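Below, all heavy atoms of this structure are taken into account, side chains as well, without hydrogens, waters or symmetry copies. Numbered from 1 within each chain, the chains take letters A, B, ... in sequence-line order. The shown structure was predicted, so the numbers you read here are calculated from the model rather than taken from an experiment.
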2 protein chains.
Amino acid sequence: MVTIKDIAKKAGVSVTTVSRALNGHDDVNEETRRKIKRVAEELSYSPNAVARSLVSKKTRTIGLIISDINRAGAKDAFAYEILCGINDRAGELNYDLLLFSTNPSKQMEKSYSALCKERNVEGAILSGLRLDDPYLQEVIEQNAFPCVLIDIPKTGENVGYIASDSRSGAAMATNHLLQLGHRHIAMINGHDRAHVSQERLAGYRDALEQAGVEYRPELVYDGSFTEDGGAEAMYRILLRHPEVTAVFCASDLMALGAMRTLERMERKVPDEISIIGFDDISIAAYCSPKLTTIRQDKYQLGYQGAQLLIDILDKRTDNRKILLGNQLIVRESTRQIAST
Amino acid sequence: MVTIKDIAKKAGVSVTTVSRALNGHDDVNEETRRKIKRVAEELSYSPNAVARSLVSKKTRTIGLIISDINRAGAKDAFAYEILCGINDRAGELNYDLLLFSTNPSKQMEKSYSALCKERNVEGAILSGLRLDDPYLQEVIEQNAFPCVLIDIPKTGENVGYIASDSRSGAAMATNHLLQLGHRHIAMINGHDRAHVSQERLAGYRDALEQAGVEYRPELVYDGSFTEDGGAEAMYRILLRHPEVTAVFCASDLMALGAMRTLERMERKVPDEISIIGFDDISIAAYCSPKLTTIRQDKYQLGYQGAQLLIDILDKRTDNRKILLGNQLIVRESTRQIAST
DNA sequence: TCTTTTTTCCGAAACGTTTCGGATTTTACG
DNA sequence: CGTAAAATCCGAAACGTTTCGGAAAAAAGA
């Protein structure tokens, strides 16, 4: 390995000068700088980032703790799009990303903060964590290193969060169904360890109450954010609440499951029952019928999340909270209620 | 920051002993070890991985250069599944992943090998690179650091590759169509800067020739691996080769595009034209008609790729090449040719 | 009791870089 | 020409860890 010393020797200067020359400091003669650069080139020198960060305390690295990077996520590609956003913004700002191997199988022995401290990342972005994650509290309380949480509404001196506005999104979805004349609207929600589930439920209630429709808790089913869960929930709705003409699903995946059940039971969507999802995953535009849904911009979640983190790092902002808007995408799975 | 020195001082021993105690060396009294561990705990010490790797030359980090991590990839989630596989295996073996910000927009000034050398990663996995990538050659020739290429058939002392067997997969697809009685089979291929395109074309030819069907180059169109490209190619096929009754698409995304065109032109799939794809992306099981395709195990590409890299690192194998099998998934987009 | 072996510990160097404080040389100014 | 200022360079320390070689202390053997 060729080091700064080798260059110094060959160029006949001190290591100090080599360092300063290569880093563009201005107290080095242009001619010596050229020479040093030439020698560095000849020896095909490349700086050792590890040594550099040991002294500078800077790694230009952002830690990523994305617990939902797994096979199952391929369908909704949720984590993926977030990652793309982070990757793009981090790339633009010249940060690299360190993906921690948060081993979910064997109980992790190291906390997130330990992980980040050890590796000297400058900050971290956490996504896919459950509200009851044992290490989450520690991250926030210790306030040890700057981080941005995705979809977890906690802030602190050094911790910010970003999310899409689930509540208004859910209200938007429910309103859409209401405007189509539906009055008996069920909801298939995700598991309640996710904050977004609470928010989406609240939005659903908001819309109902504002429209003067009674909110009936028994119409809300748990689909645990999975396709099978959605399918299962739909069976129960069909069985127990035949009066229901529309279902708001808190995720597209669950909506897909619900539609599968409806197909099996030979109930036509949207003619007999309207379905609206949440997320706008790519399948939504291809399935049959195409799914009406609330689009949330997952990419921006990552992109602006990365931006927020770096703003926090550079103490460039006091803002610790970003809420992204959503968009209603009307496709084929919802329809004006049949006038009976 | 609390260091090993602080522990040494508080425990009344030397830094050497602390280091050896914490790292489980056996030349330290069990009692002192306990004491040191206790002190470390009290001070909530966490080791500095940067300093450690400066001296040990080990980072337990794998570099990732995945040039196709971008928004567009959300539909096929190809890069994502590979990443999941890598992430899982790396996690199991206790490696972290460093995602390099290969900024495709501004021309990268640093080569991959420079990137990896600087950051002292132990090895790297490269995916999504084009055959004509300017830096690819350098990686292989310099042989500077161990790496695994995905879908690029080059090997070397320290470089291995992993891919799914595109050629046999394409033959499998074409055979499926032949067995259904099709004789006029067009192909929509990807751009030819990808090695897989060449392979899939070869497989297509293999199958045709083996079945005694003439290979006609004019039936092969370039869909450049995009949905729009597939749609465009399909238009041309319809226009110029009305005799075609089946199309083999070298990717599901292009198949989706082709099906879009067919729907617009009111040609029924599979009644009038059979379509088979390649990849088995998640949409394939949901679109209408559901897409018959060749499934390749992208997750294993990553998982076994990571394994291969680590085997190379540990000099545990001389194998430098892994070829994964594919699987024909028959759904709804192919059918026995209508007997005329 | 004396020597040898084993156990337990430590000092110092090393990893490759940055940076502080100062030294030397050159240039500018009166 | 003498002095002040600017330009250019350098030595040494520091970052937090590991490890080599050996030293001191304890245990074992004769």
Side-chain angles (χ1 to χ4, degrees), chain A residues 1-37 39-40 43-61 96 114-122 144-145, chain B residues 1-37 39-40 43-61 96 114-122 144-145:
Chain A
M1 163 173 272
V2 30
T3 79
I4 219 178
K5 274 185 198 163
D6 303 317
I7 300 179
K9 200 175 296 174
K10 187 158 182 192
V13 294
S14 74
V15 292
T16 306
T17 306
V18 175
S19 173
R20 302 184 73 80
L22 259 24
N23 288 315
H25 291 230
D26 53 2
D27 63 345
V28 34
N29 188 292
E30 270 312 315
E31 200 173 338
T32 38
R33 188 197 303 275
R34 269 198 302 276
K35 182 173 181 185
I36 287 171
K37 281 194 170 174
V39 174
L43 300 176
S44 71
Y45 165 78
S46 86
N48 183 327
V50 173
R52 190 202 302 261
S53 32
L54 178 58
V55 30
S56 72
K57 303 271 173 215
K58 299 275 174 223
T59 52
R60 274 205 102 70
T61 303
D96 288 326
L115 242 28
C116 291
K117 260 173 67 187
E118 279 189 29
R119 292 300 216 122
N120 274 40
V121 300
E122 321 222 334
F145 61 99
Chain B
M1 163 172 275
V2 28
T3 79
I4 219 178
K5 275 185 199 163
D6 302 319
I7 300 180
K9 198 174 298 174
K10 189 156 178 192
V13 294
S14 75
V15 291
T16 305
T17 306
V18 175
S19 173
R20 303 185 72 80
L22 260 23
N23 289 314
H25 291 231
D26 54 1
D27 63 344
V28 33
N29 187 292
E30 270 312 315
E31 200 174 338
T32 37
R33 189 197 302 277
R34 270 199 301 278
K35 183 174 182 185
I36 287 171
K37 281 196 169 173
V39 174
L43 299 176
S44 69
Y45 164 78
S46 87
N48 183 329
V50 174
R52 189 202 303 258
S53 37
L54 178 59
V55 30
S56 73
K57 303 273 175 212
K58 300 275 174 222
T59 52
R60 274 205 102 72
T61 304
D96 287 326
L115 239 28
C116 291
K117 263 172 64 184
E118 279 189 30
R119 290 301 213 118
N120 275 39
V121 299
E122 320 224 335
F145 61 100

Run the side-chain hydrogen bond (donor to acceptor under 3.5 Å, both in side chains) test against A/Asp96 and tell me which residues pass, sequence neighbours left out.
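Per chain and number, A/Asp96 pairs via side-chain hydrogen bond (donor to acceptor under 3.5 Å, both in side chains) with B/Ser101, B/Arg119.
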Residues that B/Glu30 engages under side-chain hydrogen bond (donor to acceptor under 3.5 Å, both in side chains), provided they are two or more places apart:
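Listed in chain order: B/Arg33.
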What pairs of residues pass the salt bridge (Lys or Arg N to Asp or Glu O under 4.0 Å) test when at least one of them lies in residues 12-23 of chain B, not counting sequence neighbours?
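Residue pairs passing salt bridge (Lys or Arg N to Asp or Glu O under 4.0 Å), neighbours aside: B/Arg20-B/Asp27.
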Distance check, rounded to the nearest 0.5 Å: B/Ile4 atom CD1 versus B/Leu43 atom CG?
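That separation rounds to 12.0 Å.
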To the nearest 0.5 angstrom, please state how far the CD1 atom of B/Ile36 sits from the OH atom of B/Tyr45.
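Reported value, rounded in 0.5 Å steps: 11.5 Å.
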Can you sort out which residues in residues 6-18 of chain B have a heavy atom within less than 4.0 Å of DNA chain D? Ascending by number, please.
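Those residues are B/Thr16.
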Measure from [atom1] on [X] to [atom2] on [N] and round the result to the nearest Å.
X        : N      : atom1 : atom2 : result
A/Lys5   : C/dT17 : NZ    : C1'   : 10 Å
B/Arg119 : C/dG16 : CZ    : P     : 17 Å
B/His25  : D/dT19 : NE2   : P     : 6 Å
B/Asp26  : C/dT7  : CG    : P     : 9 Å
A/Ile4   : D/dG11 : CD1   : C1'   : 14 Å
A/Ile36  : D/dC9  : CD1   : C1'   : 10 Å
A/Lys35  : D/dC9  : NZ    : C1'   : 13 Å

Look at the side chain of A/Asn29 and the base of D/dC9, then say whether one donor and one acceptor between them are separated by less than 3.5 Å.
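No, the side chain and the base share no sub-3.5 Å donor-acceptor pair.
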Residues that [X] engages under side-chain contact (heavy atoms from CB on, under 4.5 Å), provided they are two or more places apart:
X        : value
A/Lys117 : B/Ser46
B/Ser44  : none
B/Asp26  : none
A/Lys5   : A/Thr3, A/Val15

Please check: side-chain N/O of B/Asn23 versus main-chain N/O of B/His25, any donor-acceptor pairing under 3.5 Å?
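Side chain of B/Asn23 to backbone of B/His25: no pair is present.
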For DNA chain D, whose closest nucleotide is more 5', that of B/Tyr45 or that of B/Asp27?
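Taking each residue's closest nucleotide, the earlier one in sequence belongs to B/Tyr45.
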Let me check the geometry of the helix from C/dT1-D/dA30 to C/dG30-D/dC1. What is the bend angle between the axes at its two ends, five pairs each, to 10°?
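Angle reported: 40°, given to the nearest ten degrees.
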Using a cut-off of strictly less than 4.0 Å, decide whether B/Thr32 has a side-chain nitrogen or oxygen near OP1 or OP2 of C/dC9.
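Yes, B/Thr32 has a side-chain N/O under 4.0 Å of OP1/OP2 on C/dC9.
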For atom NZ of B/Lys10, is the number of surrounding heavy atoms from other residues, nucleotides or ligands below 6.0 Å larger than 12?
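Above 12, so yes.
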Where do B/Ile7 and B/Val18 come nearest, in terms of heavy atoms and distance?
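Closest pair (atom of B/Ile7, atom of B/Val18, distance): CG2-CG1, 3.9 Å.
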Any donor-acceptor pair under 3.5 Å linking the side-chain atoms of B/Thr17 with those of B/Ser14?
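The criterion, which ignores hydrogens and geometry beyond distance, is satisfied for B/Thr17 and B/Ser14.
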Name the pairs: protein N/O against N/O of nucleotides 24-26 of chain C, kept only if under 3.5 Å.
none

Contact nearer the 5' end of DNA chain C, comparing A/Arg20 with B/Arg33:
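Of the two residues, B/Arg33 wins.
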Just to verify, what does B/Arg52 make a salt bridge (Lys or Arg N to Asp or Glu O under 4.0 Å) with, not counting sequence neighbours?
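Counting only residues at least two positions away or on another chain, B/Arg52 forms no salt bridge (Lys or Arg N to Asp or Glu O under 4.0 Å).
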Please tell me which of the listed nucleotides, D/dT17, C/dT19, C/dG16, lies nearest to the side chain of B/Thr3?
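Between D/dT17, C/dT19, C/dG16, the one nearest the side chain of B/Thr3 would be D/dT17.
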List in numerical order all residues of residues 48-58 of chain B for which some heavy atom is under 4.0 Å away from an atom belonging to DNA chain C.
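Heavy-atom contacts with DNA chain C come from B/Leu54, B/Val55, B/Lys57.
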